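These notes concern the structure reproduced below.
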Amino acid sequence: MRLNPPQGLGKDATAQAAFRAVFHVRNTRPVIALEQVSYAYGPEPLLTDVNLTLAAGSFYFLTGPSGTGKSTFLKLCYGELKPTTGRVTIFDRNVKDMKRDELAIARRRMGVVHQDCQFLDHLPLATNVALPLTVAGRGNELDDLSALLAWVGLGGLADALPPTLSGGERQRAALARAVITSPDVLLADEPTGNLDWDMSQRLLALLVELNRMGKTILVATHDMNLIRAAKQQVNARVLRIRDKRLQAAGADL
Amino acid sequence: MRLNPPQGLGKDATAQAAFRAVFHVRNTRPVIALEQVSYAYGPEPLLTDVNLTLAAGSFYFLTGPSGTGKSTFLKLCYGELKPTTGRVTIFDRNVKDMKRDELAIARRRMGVVHQDCQFLDHLPLATNVALPLTVAGRGNELDDLSALLAWVGLGGLADALPPTLSGGERQRAALARAVITSPDVLLADEPTGNLDWDMSQRLLALLVELNRMGKTILVATHDMNLIRAAKQQVNARVLRIRDKRLQAAGADL
Amino acid sequence: MARKDGPTDRIVPQTGHTAWLTSFTAGVMVFLAVFALALSLAAGRLAERWQEALSNTATIRIAAPPDQMEFQTQAVLNVLATTPGVAEARALTDDEQQKLLAPWFGADLPVEDLPLPRLIEVTSAGQGFDAEGLRQRLSAEAPGAVLDDHGRWRQPLVVAAGRLRLLGQVSILLIGGAMAAMITLAAHAALSANAQVIRVLRLVGARDAYIARAFVRRFTLRALLGAGLGAIFGMLAVALLPGAETEGGFLTGLGFQGIEWAYPLALPIAAAVVAYVATRLAAFNRLRGLP
Amino acid sequence: MARKDGPTDRIVPQTGHTAWLTSFTAGVMVFLAVFALALSLAAGRLAERWQEALSNTATIRIAAPPDQMEFQTQAVLNVLATTPGVAEARALTDDEQQKLLAPWFGADLPVEDLPLPRLIEVTSAGQGFDAEGLRQRLSAEAPGAVLDDHGRWRQPLVVAAGRLRLLGQVSILLIGGAMAAMITLAAHAALSANAQVIRVLRLVGARDAYIARAFVRRFTLRALLGAGLGAIFGMLAVALLPGAETEGGFLTGLGFQGIEWAYPLALPIAAAVVAYVATRLAAFNRLRGLP
Ligand SMILES: Nc1ncnc2c1ncn2[C@@H]1O[C@H](COP(=O)(O)OP(=O)(O)OP(=O)(O)O)[C@@H](O)[C@H]1O
Ligand SMILES: Nc1ncnc2c1ncn2[C@@H]1O[C@H](COP(=O)(O)OP(=O)(O)OP(=O)(O)O)[C@@H](O)[C@H]1O
Ligand SMILES: [Mg+2]
Ligand SMILES: [Mg+2]
């Protein structure tokens, strides 16, 4: 894993090496890598100088004040946005070189929970959750669906249409949809914003379980309690966006 | 204010009276009142036996696990849903007797923050935030718009289109839109779900300020820290939905 | 009431494909309606011309020995002079008879030398005359006279032209109905596409009339725009059609004449009215259905 | 490739007003196209009939003193027998001449007693004969013979009928073009209305072809359904039109005859093809525009 060292460290090579040691740089193959990435929606860049290598099996949290670019960062990670400058590599392929169909195939190995969970509103919840399998032509692998729905507390709502779900139910459904293919990477944007503590603990347990199976997890969240709880169960690292840069945030947690 | 006494109290009249005393029943005119209200989307009722009188100038939090009916309760309060049985009174008028136009006029005295904040996606943020004034033909009262936007941290985004806003920015915009008419009642559904701690403190300060001006506030939230912080500044009461009933939740906070 | 709610102009998104669809639908339908109108007017002119030419004239043929010819002709003219509904009666000159026969026998037929029957052209007035009554009187006064009121062999043409006109009119109605249905569907589609707009407006206290007005105005203007362009292009196309072939005799040009050029201008207005009513119904209907 | 992605059937919402709009548009346009087709076919028949009747026959009129008549008639027939392009030449009998004149002079005209010209009906074959050459030969051999090839005074009718046919064909093209444009717009509208569907499908790894196929299939079927109904109603309407007035002589009924009834059945297929192409282009175009 490579990471922007905190700004205080400056250009001191030893300090940087020490910083890297803290983050247990693994030598497993990177799943997603960002090198010198910057992104700008308008004339002003939103993110600059971002370096990050998501090693397989790692668990990250991403925090930062509202509007600093967490969702933008996640979109860069799964290729919805292409970097203004720099290089984003997904499964060893440069995003800029990927055709849309390649990207679609790559997405099947990634689970994504959007901040505003969107569904096919005319299809029942179960069909929606199973959609990634259907689209990938793997509709036959649907055995675990009801167990998964039960785990996220939607056991009784398999036939409900998405517009009739509560805010928290939608978030849980989105997470279930993201993990149903057992993806190599899970990118979740504020997956517990509308959930009570008990339920977010439950979802966290699911994420921890997936991580133990070797999946790479990256969760953007504001919920410091969630991060604290996670750190007790798993070797999770916390990233923070500040001053348009990605930093490690260890001290205050 | 009338409230379902906690179930443990049973039918004991003295206990009920004591319970009511705790909640400082004011004798101001009620803004919204629910009497013996139940609501069912399907055959099973979601809420039953709900009694609540929102006195003018009171401050409530509403909690409860995801999917228990917080949003449904708020929708009953502002007339988007009509009770299956029982009576909902808004500004002294029974909702069932109100024509759609009357309801529209009543809405102008209420600020509502939906859980999924929706905007007119083709109009800039400032126009969206000012929409309640425009619709009410009060477009000339727009002096405070930029001050309000600055307060919720959207000063630089007045011309941004809603689809380009981040999740937290949308929530802040929705709150700004809800308070721009200086409504008598503010009903906010999970207004800080996507916000960091600093920003939610700021919004809380805005709510407290409004409450001190005599506005009635009802906020549905999962964020216990927010509730705790509020209780230090204002006489806020906490309601909880449990077993399809509305209860007072004081003990654990 | 309209003013108090404030300006609604920008509440509904300006663009969107359903909006264009509305303009385009209105345009195409009005374009077609212009043609149907031209067809209907041309057929009407045709039917009228034939009707007039045929119902207003009849021919009386007098076959008599040369010595009686003059007498019988006079007798027939006398009878006609006292027949109600006859405006004018006139014996054809030899020259005229010659012209009638020219297509068949050439211009150099010596009509004066032939024992041809004499033809009397009868122009009727108002409701026309009673052909049966006239026949009876003629057979009494001039046994050699035969009344031919042309109707027998030319009436089908008039019927055909009338049907053409009817077809044009029915087409206009069909096109108008189809346009109304399409605009209604387009309005519903736009209302569906803008469900969020409606939800937001409801939430901030907008009244039904306010929301409906925004949609209705947009759609009416859209339809008017499309229909106006459709009418202009339709009129251009009709004007550019191969000109009226009056030599053809019984075919009149498929076009507008004189004041008729103003008629198609009514179509965009009709389209706008249709759009107004259709969208208004659709909007209130839809708004009633939403909470 | 199509199968591997799995069934796309239910991915796009079944209902929705743009879907109905598509069916309805296709239906109305095909309905109109059926009429335009009927018009075009009828005009074609008319033009052909007139063309045939006129270009294949000519009349030669021989005006000569009674004693030379027989001789000149024979001379003309001889000339005609050696004229290339003449299939048949035949002198009309007195009876036939009588019938021609009947409308003007009644059935009791004593043709045999009259010094009328003799008429010879010439039927041409293939490309027809060279009228100018024939005239010169006739003036040499039979000075009293005049060739009337009818074209002069009936040709405008043929031209008019041809134009009517052209109008019908142009109408079909216009209607088809308008239908394509409308379906394209409706497809775009549906794609806009279903932006969320596209976003969700993209998010879960659906390929462009998969998404486009779902829309294209739905729209093609919708258009086929609407167009099929439109064709059926159009044919019913044409069948119910007032029948062909062949007595009118020059007007043929606005309908289909025999095998022509099969032609309108091609229209729904054409509409489906148009919908397929239009939606496919719209879908891929739109998908390229989205991230
Ligand atoms: N499509 C866009 N066009 C222009 N600006 C955008 C667009 N999307 C996001 N932005 C802006 O970029 C900034 C970062 O947005 P982003 O959604 O990444 O923030 P975030 O960190 O996820 O915030 P939150 O915690 O509120 O979700 C915001 O100020 C937002 O207004
Ligand atoms: N329109 C509807 N039709 C049917 N069921 C509905 C409808 N809206 C909500 N529900 C169901 O009613 C229950 C309560 O929904 P509600 O949105 O009130 O929950 P909530 O307490 O706000 O939850 P959250 O904290 O997740 O937002 C949920 O189980 C939901 O599925
Ligand atoms: Mg975000
Ligand atoms: Mg809710």
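Only a predicted model underlies this, so the values are computations on that prediction, with no experimental measurement involved. In what follows, every chain begins at residue 1, and chains take the letters A, B, ... in the order their sequences are listed.
- A distance of 7.0 Å separates CZ of A:R170 from CG of B:D116, quoted to the nearest 0.5 Å.
- Considering only heavy atoms from C-beta on, A:M199 stays 4.5 Å or farther from B:P65 through its side chain.
- Across all non-hydrogen atoms, the minimal contact from A:S66 to B:R172 is OG-NH2, 2.6 Å.
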Residues B:Q115, A:N194; criterion side-chain contact (heavy atoms from CB on, under 4.5 Å); working and verdict | CA-CA 9 Å; B:Q115 196 165 5; A:N194 286 314; 3.5 Å; yes
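- For the options A:G168, A:A220, A:S71, heavy-atom pairs under 4.5 Å to chain B are most numerous at A:G168.
- Rounding to the nearest 0.5 Å gives a distance of 6.5 Å between OG of A:S166 and NZ of B:K70.
- Of the listed residues (B:T72, B:L195, B:D223, B:D198), the one with the most heavy-atom contacts under 4.5 Å to chain A is B:L195.
- Neither the backbone nor the side chain of A:D189 comes within contact range of chain B, judged by heavy atoms closer than 4.5 Å.
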